[in-house]
> 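Quick one: the structure is below, and I'll ask about it shortly.
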Number of protein chains: 2
Amino acid sequence: MVKRRTQPNNVSHPAEQAFRAFVRTWGLFRNTMEPYFASFGISGAQWGVLRLLMRSEQEGARSLRLTEIGERLLVRPPSVTGLIDRLERMGLVARKPSRVDRRATEICLTPQGRRLAKRVHRRHGHQIRSVMSTFTIAETRQLHDLMLRMAAHLEKLEQTRPGHEAQR
Amino acid sequence: MVKRRTQPNNVSHPAEQAFRAFVRTWGLFRNTMEPYFASFGISGAQWGVLRLLMRSEQEGARSLRLTEIGERLLVRPPSVTGLIDRLERMGLVARKPSRVDRRATEICLTPQGRRLAKRVHRRHGHQIRSVMSTFTIAETRQLHDLMLRMAAHLEKLEQTRPGHEAQR
DNA sequence: ACCATTTAGTTAGGAACCTAACCTTCTTGT
DNA sequence: ACAAGAAGGTTAGGTTCCTAACTAAATGGT
């Protein structure tokens with residue numbers, strides 16, 4: 001019985017420690033953010049959509065397609081369908097058929113959705129700075145840099161993953 | 001109409017940039033890890049449970065309570081119930097009533113669950129190092145440190161949050 | 001001793017993800 | 001021109017999370 005490539009018990013590779021810390025921190029982050037969004041009557045994912053629509057309005061685009069929303073939020077089409085269904089039922093968002101492509105649906109904010117998005121946006125900077133307030137500016141930039149690098153790496157991994165032909 | 005505490009359009013605070021990068025990276029991370037776990041026929045959450053049980057076996061404790069599992073995985077009791085239900089149905093885990101506390105249930109690995117956990121564990125180091133392979137060792141340690149600090153901060157925030165009496 | 005509270009776990013119902021399979025409509029190769 | 005394939009979106013069914021409300025057992029104060 002040969003022991004190979006195995007760390008001594010309880011002493012793991014630095015990569016594994018960082019990996020676990022990342023997972024755990026995400027859990028705590030989620031547990032912090034969801035109640036915050038709930039205080040506005042929405043979820044984190046819903047804020048993602050509202051924010052995206054608000055942004056694209058500011059850039060002159062009045063609406064987005066489901067597919068575009070999914071790509072930007074890293075979520076697959078069926079999830080977007082459900083997300084938009086609920087936002088539409090809440091009166092925050094509206095679907096309208098695209099003129100140029102009869103398969104496509106355009107999503108835009110309703111006036112009520114726009115008001116809510118602005119209300120959240122006004123408080124959001126506060127919330128973010130509160131969550132990030134343990135870090136100095138230098139550390140914040142370090143984190144930003146590490147996250148961008150990791151994201152780029154994961155995107156590259158995804159492209160080279162087997163069984164990855166036509167999807168996404 | 002006074003503009004206060006608002007960043008010029010599209011140029012956000014460093015904290016906000018890091019925050020967004022963290023969220024986006026998590027999305028990519030999830031999209032990488034879930035298919036990996038799926039190749040073993042389990043989910044990330046299920047691996048969390050199997051790993052915890054494997055660890056506690058190594059430390060001499062043959063079983064864990066639902067509540068303990070939930071605390072360690074940062075998940076609430078009803079989620080643990082469902083998670084264990086499915087693992088039990090898959091034959092990877094078994095429930096048995098505690099002798100010392102008739103309210104409590106002890107969860108332990110079945111032989112099949114133990115075999116699977118070991119099989120995943122053998123590949124897991126590889127997978128982790130592949131995900132983290134963009135980082136130098138120094139950067140990995142930096143990430144680890146930042147994550148631990150952020151986790152500690154979020155735990156502190158949680159304790160000072162209003163409406164937080166007897167839960168968790 | 002006994003009643004009130006706390007703790008362990010479950011159930012019910014809802015949101016956010018996923019894959020697989022499907023219908024339409026657009027695009028493209030011949 | 002037209003059939004094959006790609007692309008936009010939905011439906012079906014499953015997992016993982018949540019809160020609220022519940023049962024049963026343990027604990028603790030008087």
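Proteins get letters first, then strands, A, B, ... in listed order; numbering begins at 1 in each. Scope of the values below: all heavy atoms of this structure, side chains included, with no hydrogens, waters or symmetry mates.
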> What's the CZ-P distance between A:Arg76 and D:dT15, to the nearest Å?
19 Å

> Write out all pairs satisfying salt bridge (charged side-chain N to carboxylate O under 4.0 Å, His left out) with one or both partners inside residues 107-118 of chain B, taking only residues at least two apart or from two chains.
B:Glu57-B:Arg114

> Checking A:Arg24 now: which residues fulfil salt bridge (Lys or Arg N to Asp or Glu O under 4.0 Å) with it, not counting sequence neighbours?
B:Glu155

> With sequence neighbours left out, write down each residue that passes side chain to side chain donor-acceptor pair (under 3.5 Å) with B:Glu34, or none if nothing qualifies.
none

> Indicate yes or no for a side-chain donor-acceptor contact from A:Ser130 to the backbone of A:His126 under 3.5 Å, with no hydrogens or angles considered.
no

> Expressed in angstrom and rounded to an integer, what is the separation of B:Glu34 atom CD from D:dT16 atom C1'?
9 Å

> Supply the atom-to-atom distance A:Leu28 CG to B:Leu157 CG, rounded to the nearest 0.5 angstrom.
10.0 Å

> Quick one: A:Phe37 CZ to D:dC17 P, roughly how many Å, whole number?
19 Å

> Quick one: which residue pairs count as a salt bridge (charged side-chain N to carboxylate O under 4.0 Å, His left out) with a foot in residues 131-143 of chain B, not counting sequence neighbours?
A:Arg149-B:Glu139

> If we only count heavy atoms from C-beta on, is the B:Phe19 to B:His13 side-chain gap below 4.5 Å?
no

> Using the test ring pair (Phe, Tyr, Trp, His ring centres under 6.0 Å), find all partners of A:Phe135 that sit at least two apart in sequence or belong to another chain.
none

> Please report how far the helix from C:dA1-D:dT30 to C:dT30-D:dA1 bends, comparing the axis fitted to its first five pairs with the axis fitted to its last five, to the nearest 10 degrees.
20°

> Show every salt bridge (charged side-chain N to carboxylate O under 4.0 Å, His left out) that has at least one partner inside residues 39-51 of chain B, sequence neighbours left out.
none

> With a 4.0 Å limit, can you tell me whether B:Arg30 has a side-chain N or O closer than that to the phosphate oxygens OP1/OP2 of D:dT15?
no

> Under 4.0 Å, heavy atoms only, any strand: does B:Thr67 hit a base, just the sugar-phosphate, or nothing?
sugar-phosphate

> Taking only the side-chain nitrogens and oxygens of B:Ser43, find out if one of them lies under 4.0 Å from OP1 or OP2 of D:dT15.
no

> What integer distance in Å separates A:Asn31:CG from C:dA16:C1'?
15 Å

> Distance check needed: C:dG9 C1' versus B:Glu71 CD, whole Å only.
13 Å

> Return the set of residues passing side chain to side chain donor-acceptor pair (under 3.5 Å) with A:Thr134 (not counting sequence neighbours), or none when no residue passes.
none

> Check the distance between C:dA15's P and A:Gln46's CD and give it to me in whole angstrom.
8 Å

> How would you label the contact of A:Ser79 with the nucleic acid (heavy atoms, under 4.0 Å): base, sugar-phosphate, or nothing?
base

> With a 4.0 Å heavy-atom cut-off, tell me which residues in residues 96-108 of chain B come close to DNA chain C, sorted by residue number.
B:Arg103, B:Ala104, B:Thr105

> Could I get the full list of side chain to side chain donor-acceptor pair (under 3.5 Å) partners for B:His124, not counting sequence neighbours?
B:Tyr36, B:Trp47

> Hey, which of these two, A:Pro78 or B:Ala45, hits DNA chain D nearer its 5' end, going by closest nucleotide?
A:Pro78

> Please give, in whole Å, the distance from D:dT19 C1' to A:Tyr36 OH?
21 Å

> Rounded to the nearest angstrom, tell me the gap between atom CZ in A:Arg65 and atom C1' in D:dG9.
11 Å

> Which ones in residues 82-90 of chain A lie close to DNA chain C, meaning a heavy atom under 4.0 Å from one of its atoms?
A:Leu83, A:Arg86, A:Arg89

> Taking only residues two or more places apart in sequence or in another chain, which ones pass side chain to side chain contact (heavy atoms under 4.5 Å, CB included) with A:Arg65?
A:Glu68, A:Ser98, A:Val100, A:Asp101, A:Ala104, A:Glu106

